[in-house]
Amino acid sequence: MPPHTNYSVSDIHIEPYGMSGFYNSDAFSDSGSGCIKTGFSYGSNEYPDGNVTEGRIRPLVPGIYAPTVAFFDEETEDLDIDTIKKHAIRLAQAGLHGLVTQGSNGEAVHLSHTERRIVTASTREALDDAGFNNMPIIVGCGSQSIRETIELCHEALLSGGDYAMILPPSYYGALYTPDSQLEFFTKIADQSPVPILIYNYPGAVSGIDLNSDVITKLAKHPNIVGCKLTCGNTGKLGRIAARAPPGFMTMGGSADFTLPALIGGGKGVIGGLANIAPKACVEVFKLYQAGKIDEAEKMQAVIGRGDWAAIKSGVVGTKSCLQSAFKYGGYGRKPLPRPTPEQAAAYLAEFEELLLLEEFLMKGCRQEHIHTDKEEEYPELLELEKQLAE
């Protein structure tokens with residue numbers, strides 16, 4: 001067993017990681033009919049019939065959220081718990097407003113139910129131990145059936161999650177009627193013990209693209225509290241933000257349109273680029289909130305170029321950049337490819353401008369931190385750094 005892991009998938013329980021208040025294994029046992037038991041507990045709070053315990057859910061606030069990366073041992077592909085925790089703390093310390101586990105960057109499709117629970121529980125434990133007790137965790141809970149999705153929502157809560165983010169089903173997409181997606185999200189929201197966010201990502205679900213009419217109608221459900229729009233449609237985002245109930249978290253799904261999302265009425269962004277440059281992703285939000293539009297536009301341009309590198313290379317490029325720049329990251333689970341040294345160098349080069357900005361921000365934006373040696377390569381970055389250092 002590698003030194004940084006202390007479990008095997010066959011016998012893991014959440015309790016060894018200090019999460020006994022989060023996970024009651026009896027809650028997931030068979031009740032004789034193959035169904036989940038209806039009585040669940042979170043610590044000392046009971047919520048029979050799937051009702052949320054009042055006051056337990058950490059509130060979502062406008063801002064920047066990162067769909068965290070899942071890390072694995074390079075040889076065994078076992079979960080690397082220490083690195084999962086280390087990464088969560090790094091993101092929190094950079095000022096992010098919340099984290100998402102089991103997203104696309106988290107390789108949810110490569111994880112068992114047990115492993116999903118471990119990742120979320122470990123993330124929650126790391127945040128609490130580091131003093132970020134109030135930081136919410138959104139858990140990806142998408143599945144093809146209503147039944148399994150509800151099961152994942154229960155598991156999310158019992159592992160320390162606060163919200164569930166759910167993709168529309170797609171495998172039998174040609175057979176669904178116009179009302180199938182409405183029924184899917186409504187029935188899940190009726191029974192989920194945590195509030196849910198709709199995840200609109202056509203690229204991951206055979207091109208299914210929920211329109212603003214559908215999402216706005218679903219937004220009226222009291223247990224549907226937001227959406228992530230990785231479709232990149234800012235017009236759709238604006239329509240939803242204008243028509244949804246007050247407090248509905250209309251979120252962009254990529255850092256490359258953070259500023260357009262905010263201008264259109266969005267509450268923030270859930271973007272994978274925040275795994276690499278969390279401080280920069282947060283700073284563009286803060287600049288906009290402070291009315292410093294010129295600086296926000298210039299920073300958005302740098303972020304947009306960096307995010308294009310992440311979009312092209314996906315989680316493979318993100319992990320490669322983390323490994324090259326921060327000395328952790330490793331590889332995705334097979335069959336995801338492992339970059340060659342030449343490919344890793346190319347990925348790092350594409351992220352260089354963004355990494356320089358992140359370094360400048362982390363050091364405090366002082367004159368002596370301006371990357372004057374990079375002015376020929378990145379003149380727009382130098383202009384931004386000089387403006388921020390004034």
Side-chain angles (χ1 to χ4, degrees), residues 50 52 56-68 96-106 108 116 120 123 135-143 146 149-150 152-157 159-170 181-182 184-205 208-212 214-233 236-237 239-241 243-255 258 261-262 264-272 274:
V52 177
R56 198 211 64 83
I57 301 297
R58 298 165 183 84
L60 293 176
V61 297
I64 306 299
Y65 294 67
T68 60
L96 290 180
H97 300 88
L99 301 182
V100 180
T101 59
Q102 325 310 328
S104 302
N105 277 277
R116 285 177 177 234
T120 299
T123 301
M135 178 171 281
I137 294 178
I138 303 168
V139 183
C141 292
S143 183
I146 292 173
T149 304
I150 293 170
L152 287 168
C153 291
H154 280 285
E155 293 182 13
L157 176 60
S159 303
D162 300 287
Y163 301 85
M165 188 169 69
I166 299 172
L167 285 162
S170 60
Q181 300 294 355
L182 286 170
F184 177 80
F185 283 102
T186 299
K187 285 189 176 295
I188 292 167
D190 286 343
Q191 299 180 60
S192 172
V194 292
I196 69 172
L197 289 84
I198 299 164
Y199 187 8
N200 191 56
Y201 183 12
V205 290
I208 292 175
D209 189 1
L210 302 177
N211 63 42
S212 55
V214 169
I215 295 176
T216 302
K217 185 173 183 179
L218 289 169
K220 297 176 182 177
H221 193 291
N223 208 29
I224 298 179
V225 299
C227 62
K228 176 186 178 183
L229 302 179
T230 307
C231 55
N233 188 329
K236 179 191 296 183
L237 183 149
R239 289 190 295 274
I240 295 169
R243 295 167 55 195
F248 187 80
M249 296 289 289
T250 306
M251 308 284 282
S254 182
T258 300
L262 296 172
K267 297 295 193 299
V269 163
I270 301 172

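What you see is a predicted model, and the numbers here were worked out from it, not measured in a lab.
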Distance, nearest 0.5 Å, that separates OG of Ser104 from OH of Tyr199: 3.5 Å
Flag the pair Asn223 / Pro195 as yes when at least one side-chain heavy-atom distance between them is below 4.5 Å, and no otherwise. yes
How close do Ser143 and Phe184 get, counting heavy atoms only, and between which atoms? O-CZ, 3.6 Å
Given the rule in the side-chain contact (heavy atoms from CB on, under 4.5 Å) test, do Cys141 and Ile196 qualify, once you have shown the distances and angles that lead to the verdict? CA-CA 9 Å; Cys141 292; Ile196 69 172; over 6 Å; no
Please report the closest heavy-atom contact between Ile138 and Tyr65, naming both atoms and the distance. CD1-CD2, 4.1 Å
With sequence neighbours excluded, what pairs up with His221 under the ring pair (Phe, Tyr, Trp, His ring centres under 6.0 Å) test? none
Nearest 0.5 Å please: distance from the NZ atom of Lys187 over to the CD1 atom of Ile146. 6.5 Å
Which pair of non-hydrogen atoms, one from Ala219 and one from Ala244, has the smallest distance, and what is that distance? CB-CB, 4.1 Å
Does the pair Met135 and Leu99 meet the rule for a side-chain contact (heavy atoms from CB on, under 4.5 Å), with working shown? CA-CA 8 Å; Met135 178 171 281; Leu99 301 182; 3.9 Å; yes
Are side-chain heavy atoms of Val214 and Ile198 found at a separation under 4.5 Å? no
Answer whether the closest heavy-atom distance between the side chains of Thr68 and Asn105 falls below 4.5 Å. no
Would a distance-only check, ignoring hydrogens and angles, find a side-chain to backbone donor-acceptor pair under 3.5 Å from Thr258 to Ala255? yes
If you define the side chain from C-beta out and look only at heavy atoms, does anything of Ile270 sit under 4.5 Å from Met165? yes
Mind checking what makes ring pair (Phe, Tyr, Trp, His ring centres under 6.0 Å) contact with Phe248, not counting sequence neighbours? none
Steps toward side chain to side chain donor-acceptor pair (under 3.5 Å) verdict (Asp209, Asn200): CA-CA 6 Å; Asp209 189 1; Asn200 191 56; 2.8 Å; yes
Separation between CD of Gln191 and CD1 of Ile150, rounded to the nearest 0.5 Å: 3.5 Å
So how far is it from Leu152 CG to Leu157 CG, rounded to the nearest 0.5 Å? 13.0 Å
Would you check if Gln102 and Thr120 make a side-chain contact, meaning some heavy-atom pair closer than 4.5 Å? yes
Which distance, rounded to the nearest 0.5 Å, do you find between the CG of Leu218 and the SG of Cys227? 10.0 Å
In terms of heavy-atom contacts, Lys236 and Asn211 come closest through CE-CA, 4.2 Å
Nearest 0.5 Å, what's the SG-CD1 distance between Cys153 and Ile188? 6.5 Å
I'd like to know if the side chain of Asp162 and the backbone of Ile137 have a donor-acceptor N/O pair within less than 3.5 Å. yes
Heavy-atom side-chain contact between Val139 and Ser159 under 4.5 Å: no
Which atoms form the tightest heavy-atom contact between Leu237 and Met251, and what is the distance? CD1-C, 4.2 Å
Kindly indicate whether the side chain of Gln181, heavy atoms from C-beta on, has any atom under 4.5 Å from the side chain of Ile208. yes
Quick one, Phe185 and Leu210 - any side-chain contact, counting heavy atoms below 4.5 Å? yes
Which pair of non-hydrogen atoms, one from Pro193 and one from His154, has the smallest distance, and what is that distance? CG-ND1, 3.4 Å
